[in-house]
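For the single chain, residues carry numbers from 1 onward in sequence order.
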Amino acid sequence: MKLKLPHSTQNWVSLVGATIALISFFMIVFLFTVSSIIGKDNSYLGLIIYIALPAVLVFGLILIPVGMWLKIRKEKRYGVKETKDWPTIDFNDLRTRNAFMIFSVGTAIFLLASAVGSYEAFHYTESVEFCGKVCHSVMKPEYVAYQNSPHARVACVECHVGTGASWYVRSKLSGLYQVYAVTLGTVPRPIETPIKNLRPARETCEECHWPQKFYARKLRNERHYLSDYNNSEWDITLTMKIGANLSALGLQEGIHWHINPDIKIEYKAADEKRQSIPWVKYTNKKTGKTFIYQDEDNPLSQSELDTLETRTMDCMDCHNRPSHNYRPPAFFINDAIIAGDIPQDLPMIKFASMDILGEDFPTTDSAHKAITDYIYTFYRDNYPDVYANQKNKIDKAINGILKAFDKNIFPEMKVKWSVYPNNIGHLEFMGCFRCHNDRHKTDAGKLISKDCNICHSINAQGAPDNLEVAAVNSSLEFRHPGEDVGDQWKEMLCVDCHTGLNP
């Protein structure tokens, strides 16, 4: 039996469309089968299977009726073949039956494939690979930092989108601009933060982190290495007062008091990075009592304050780098020494590392070369005996520095610790001191204190062979390591000296 189709299908446009559609369909099936057998995620293969090829398939299918319509229109206009305004559907006609069967079977297959493809495309666009790898050069810093963060097993969309259709649509509409910016090369370098349209933390972070059940105090051990000849170790152990001393007191005190459900903290920031906060408002929801604190060293008039956005404090105002934290060199070199990637007994390696890592580099390759050359030159010129006798340790140190560098500094995107303030703590960024600086006062003189013991107490500090330890339920006064600075630190903020290169 001959397969006969309507006369209108016999045109080049429909033929080309059918060819494109068939080739695209079989390529999708083939690539999907291959990717399933291999069992490995590949962001670019997924982009082709679920987005690029389906678009080509739909384009080909559209060409088929367009070609038929063009042929009918042409025949009607030039009288080549008599046509009617509406086609006659007669199932006694073999051509009509064949066309109907092809259309029905094709439509069923297309709808089934579309349903599966749409489902897979949805999950693909929600995947970590899609977020982190498709725009590889642009998103590389965020993706690498995310992989080395505490949230490495939490999908990007869990925080950046959350549940619900409305935020999914918003994220995809925002993504259209991002695709446009990447295509035209207009993506800012570094990517600007904070993200202004980020979903509230109470709808994302608190899906896993229940603040009312995370108020136990926490013991924190830190190990630092000084920039002296021996890379001297300096340890400090702190009790972080996340909540009250007794858990039954809940969030009545401690660091997480700021998100007590009975308390509302509002603030106004004078800069885009939210590092300068001239105005803070405290409201007790139970009693209705309010206090307004203003920075006496940076006073703003009421008209100036009225122009600033009033924000309600939530988790992200302190935990603003939960998954994309680019650590300062002083800290990632400490970690590399602790891990054994950099030999601690290599003289002056901490000093030499800080000296070169403060530089800006145009590319990662140029950074690797500059760091390698500098470390070799440093020891050859200043410590020839070390250079001659400990070459293997120098090589190991260089590899350790480069490994740590690649996780925290990304020259192509101009990304490093200094461009993304981390508001947890107060050492190399203002963090807590944005408000807790002894300058924010009410009209009645009530103060937001910068007393260290509000948030933590020191249990032990010092060199391992001369460790000062506090008695149980007591704390030590902070002692500045290394060079004696007297009591000057009490009158200053940490950021006045610390830049991420000199802890």
Side-chain angles (χ1 to χ4, degrees), residues 170 174 177 188-205 255-322 324 414 417-452 454-455 490-500:
R170 289 190 202 185
S174 174
Y177 172 75
R189 297 171 186 262
I191 294 173
E192 297 171 353
T193 59
I195 302 173
K196 294 182 173 57
N197 60 348
L198 192 66
R199 192 167 186 174
R202 285 181 172 83
E203 298 177 18
T204 52
C205 306
I255 300 170
H256 279 176
W257 165 87
H258 295 83
I259 53 171
N260 186 327
D262 297 328
I263 301 298
K264 183 179 182 181
I265 304 294
E266 298 170 282
Y267 71 92
K268 293 177 183 286
D271 64 323
E272 289 292 324
K273 295 286 186 181
R274 301 172 189 161
Q275 296 300 294
S276 174
I277 300 179
W279 182 93
V280 179
K281 181 179 180 180
Y282 159 95
T283 302
N284 188 311
K285 295 180 182 179
K286 283 189 172 182
T287 65
K289 185 181 294 186
T290 63
F291 296 103
I292 293 179
Y293 301 84
Q294 296 198 57
D295 187 347
E296 60 181 0
D297 288 357
N298 184 29
L300 296 181
S301 65
Q302 189 59 48
S303 60
E304 290 175 316
L305 288 171
D306 290 341
T307 64
L308 301 178
E309 176 190 10
T310 301
R311 292 182 54 83
T312 299
M313 187 175 181
D314 68 8
C315 308
M316 294 300 294
D317 287 302
C318 293
H319 299 269
N320 65 319
R321 309 300 306 175
H324 308 293
K414 303 186 187 311
W417 79 98
S418 57
V419 300
Y420 292 127
N422 188 335
N423 294 330
I424 287 289
H426 50 73
L427 194 58
E428 68 277 359
F429 300 110
M430 287 295 289
C432 310
F433 287 155
R434 292 176 299 161
C435 301
H436 290 268
N437 51 27
D438 283 347
R439 299 198 310 260
H440 286 73
K441 294 182 179 180
T442 66
D443 291 338
K446 188 176 175 63
L447 183 74
I448 301 181
S449 174
K450 73 168 186 176
D451 182 4
C452 301
I454 294 176
C455 296
K490 295 181 180 180
E491 306 301 325
M492 303 168 63
L493 299 179
C494 301
V495 293
D496 293 337
C497 293
H498 292 273
T499 62

Check this for me: Asp496, atom CG, are more than 12 non-hydrogen atoms of other residues, nucleotides or ligands nearer than 6.0 Å? yes
Between Asp271 and Ser276 (side chain of the first, backbone of the second, donor and acceptor by atom type, cut-off under 3.5 Å), is there such a pair? yes
Just by distance, do the side chain of His436 and the backbone of Ile448 share a donor-acceptor pair under 3.5 Å? no
I need the minimum non-hydrogen distance between Glu304 and Leu300, along with the two atoms involved. OE1-CA, 3.4 Å
Is the side chain of Arg274 donor-acceptor paired with the backbone N or O of Pro194 at a distance under 3.5 Å, no angle test? no
If you compare all heavy atoms of Tyr420 against all heavy atoms of Thr193, which two are closest, and at what distance to 0.1 Å? CD2-OG1, 3.3 Å
In residues 314-322, what donor-acceptor pairs under 3.5 Å come from side-chain atoms, sequence neighbours left out?
unit_1: Asp314; atom_1: OD1; unit_2: Met316; atom_2: N; d: 3.1
unit_1: Asp314; atom_1: OD2; unit_2: Ala201; atom_2: N; d: 3.4
unit_1: Asp317; atom_1: OD1; unit_2: Tyr267; atom_2: OH; d: 2.4
unit_1: Asp317; atom_1: OD2; unit_2: Asp314; atom_2: N; d: 2.9
unit_1: Asn320; atom_1: OD1; unit_2: Asn423; atom_2: N; d: 2.9
unit_1: Asn320; atom_1: ND2; unit_2: Pro421; atom_2: O; d: 2.8
unit_1: Arg321; atom_1: NE; unit_2: His324; atom_2: O; d: 2.9
unit_1: Arg321; atom_1: NH2; unit_2: His324; atom_2: O; d: 2.6

Is Trp279 reaching over with its side chain to a backbone N or O of Leu308, donor-acceptor style, under 3.5 angstrom? no
Mark yes or no for whether Glu203, through its side chain, and Pro200, through its backbone, hold a donor-acceptor pair below 3.5 Å. no
Which is it for Leu305 and Lys268 under the side-chain contact (heavy atoms from CB on, under 4.5 Å) test, yes or no, and what are the steps along the way? CA-CA 8 Å; Leu305 288 171; Lys268 293 177 183 286; 4.0 Å; yes
Between His258 (side chain only) and Ile263 (backbone N and O only), is there a donor and an acceptor less than 3.5 Å apart? no
Between the main-chain N or O of Phe433 and the side-chain N or O of Asn437, is there a donor-acceptor pair closer than 3.5 Å? yes
State the CZ-CG distance between Arg434 and Leu493, to the nearest 0.5 angstrom. 13.0 Å
Would you call Arg439 and Asp297 a salt bridge, using N to O less than 4.0 angstrom? yes
From Cys455 SG over to Ile255 CD1, what is the distance, rounded to the nearest 0.5 angstrom? 4.5 Å
Residues Thr442 and Phe291: closest non-hydrogen pair is CG2-CB, 4.1 Å
Does some side-chain heavy atom of His440 sit less than 4.5 Å from a side-chain heavy atom of Leu447? no
Closest non-hydrogen contact found for Glu296 with Pro299 is O-CD, 3.6 Å
Beyond-backbone contact of Thr290 with Lys281, side-chain heavy atoms, under 4.5 angstrom: yes
Answer yes or no: is there a donor N or O on one side and an acceptor on the other, between the side chain of Ser449 and the main chain of Asp451, under 3.5 Å? yes
Would Lys286 and Asp262 satisfy salt bridge (charged side-chain N to carboxylate O under 4.0 Å, His left out), going step by step from the backbone distance to the final call? CA-CA 6 Å; Lys286 283 189 172 182; Asp262 297 328; 3.7 Å; yes
Would Lys264 pass as a cation-pi partner of Tyr282, given that its NZ or CZ must be under 6.0 Å from the six-membered ring centre and within 45 degrees of the axis? no
Nearest atoms (heavy-atom pairs only) where Glu428 meets Thr499: CB-C, 4.2 Å
Please say whether more than 12 non-hydrogen atoms of neighbouring residues, nucleotides or ligands are located less than 6.0 Å from NZ in Lys450. yes
So, does Thr287 use its side chain to make a donor-acceptor pair with the main chain of Lys289 at under 3.5 Å? yes
